[in-house]
Amino acid sequence: MEILKLIKHLFNMPETEHPNNYEFKNARQRMIEMLFPSPEFSPEDIERRYPPRDLRKSAKVTRVAPSPTGFMHIGGIFAGLLSERLAHQSEGVFYVRIEDTDKKREVEGAAKLIMESFEMFHIPVDEGESATGEDIGNYGPYRQSERAEIYKTFVKKLIEEGKAYPCFCPPEELEEMSNEQRDKKISPGYYGEWAKWRDRSDEETMQELEKNTPFVIRFKSSGNYNKRVEFEDLIKGELSLPENDQDVVIMKSDGLPTYHFAHVVDDHFMWTTHALRGEEWLSSTPLHLELFKSLGWEPPRYGHFPAINKLEGKSKRKLSKRKDPEANVTFYDQEGYPTDAIKEYLLNLIDSDFEEWRTKHPDTDNKEFPVTLEHLKGSAGPLLDMVKLQDIAKNCIGKLSADEVYNQSLEWAKKYDPELARMLEDDPDYAKSIFSIERGSEKPRKDIARWSDVQHHIEYFFDDTFNSSEINYSELLPNISHQEIEKIIDTFLSMYDEKDKKDEWFEKIKQTASSAGYAENVKSFKKSPEKYKGHVGDVAMVLRVLLTGRRETPELFYIMKTLGTDRIKKRLKKI
Ligand code: GLU
């Protein structure tokens, strides 16, 4: 007896065969060895590598699984925020998995863009590939293309168990088949009698493998389309859908898995408990449940949320990546919407109770809002409403201090508007005093919705822009003569003192009004309009227009304080 056999015999260990000794193997094993010549891991190795997470029972493990196509859809942030909130509210884990198995669609740098977008929106990711490329977390790699060996191990297991098989149908044959199905008006796909390689012998398969014929691996479905599978969707509730009967491709000819298979393996080994994804995946859920079952694994609970819509005329349609700039996260950055405002807006879309909560808790961090899926239930699709977003953004910016507005708008301007950046950096104190106008009070001014609005709101404070802007005074002040304007200016300037408090200042405006023949208050004017040329508001309007070139501005008193006496004199004398 050879020494190895002797040892095995003594210790009662099973005989193993030499891996290349085909005689001892049946055809199935030989075929599998041809498919997977160097198996790296056994299923048990992998099970050991990803032990259960050490979390309490009620903790949710959620994920987003974007494909790196170079475009970050606002819906991706919606999904991320929703999943992140559910995980962290339950002291669970939120991770990001990059689903890059479709190499044709992949764009370089796209994974980085995804991670940066989550960072930009302050959506804390516990595990995933960092923006700089390294993995954080024990359940990685978090990029599917780096998990190829794991998928192979389980594809192999399914083949061994007769639940998957190689298919050598060339694309032309598949196309012919689907044309025939269309002509005969029968359900399309690779199933039943159309599943040409489903019941081929292992010998036939090996012959093709020897010829190096390209192949894919298909799942051998045992479902019946006329039967139904029932499950409870986290968002849609109790559902009953036809069983899957398609022998779908689980591994492509490039050796990488399809989404269907890869996400099943990953959600299992990453211990996902709640998989929230777009409703476009709903119809594949029976297949996914069947895949879980055939691998002997418990599926996560699925929740399918509707796509974000927008109004076009009176009808609703899905926000389109191609047609709608607001579908792209970059749009919000370029426009300068504060990320917190977008986040609050999305929270509102996820759970409409957010608005009421925000009113009750004006200063609480939005992290404290308990997100539920209740309001998404039965929703035909949240509607992206830019006016609402702007209102929320105005509120968010209204709450910031002048320094914060200065810093954030400067940061944005450095990226997108060098002219504004120059304006802000030229005299930071002056810029901050402009931002202080009507800010910090109980009822702050809410005029800025995005940083790209800032230029418009502040430009008239700066002499360069003010002097070069073409102001049509006669259009802005249509019913008053040049002479009268001059009289108002002279009277007002003879009294103006920048140290005056608001009451004192207003008293002087009133005096200016009465000496020019205008009523000191609106009430007196309304009582006997024939006695006056107008009222105090008209006089203030003259000053406002001359000082700002606009009829609508924040309070004139504060504008004057900010402009300072020199500028005031220069501007008023300009006419
Ligand atoms: N990669 C899939 C997608 O981008 C993910 C779906 C899922 O979350 O499971 O739609």
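Just follow the structure's listing: the first ligand is 1, and inside any ligand the first atom is 1. FYI, the numbering just counts along the sequence from 1. When reading the values below, keep in mind they use all heavy atoms of this one structure, side chains included, and skip hydrogens, waters and symmetry mates.
Considering all non-hydrogen atoms of both residues, G92 and D126 come closest at O-OD2, 4.0 Å. Between F305 and L276, the closest heavy-atom pair is CE2-C, 3.7 Å.
Between Y191 and Y225, the gap from one ring centroid to the other reaches at least 6.0 Å.
Residue-level contacts of ligand 1 at the 4.0 Å heavy-atom threshold are R63, A65, S67, E99, Y259, R277, W281.
When each of M34, M31, E210 is paired with T205, the side-chain contact (heavy atoms from CB on, under 4.5 Å) condition holds for M31 and for no other.
In this structure, the side chain of E243 engages the main chain of N224 through a donor-acceptor pair within 3.5 Å.
Atom-to-atom distance recorded for K163:NZ and L295:CG is 7.0 Å, nearest 0.5 angstrom.
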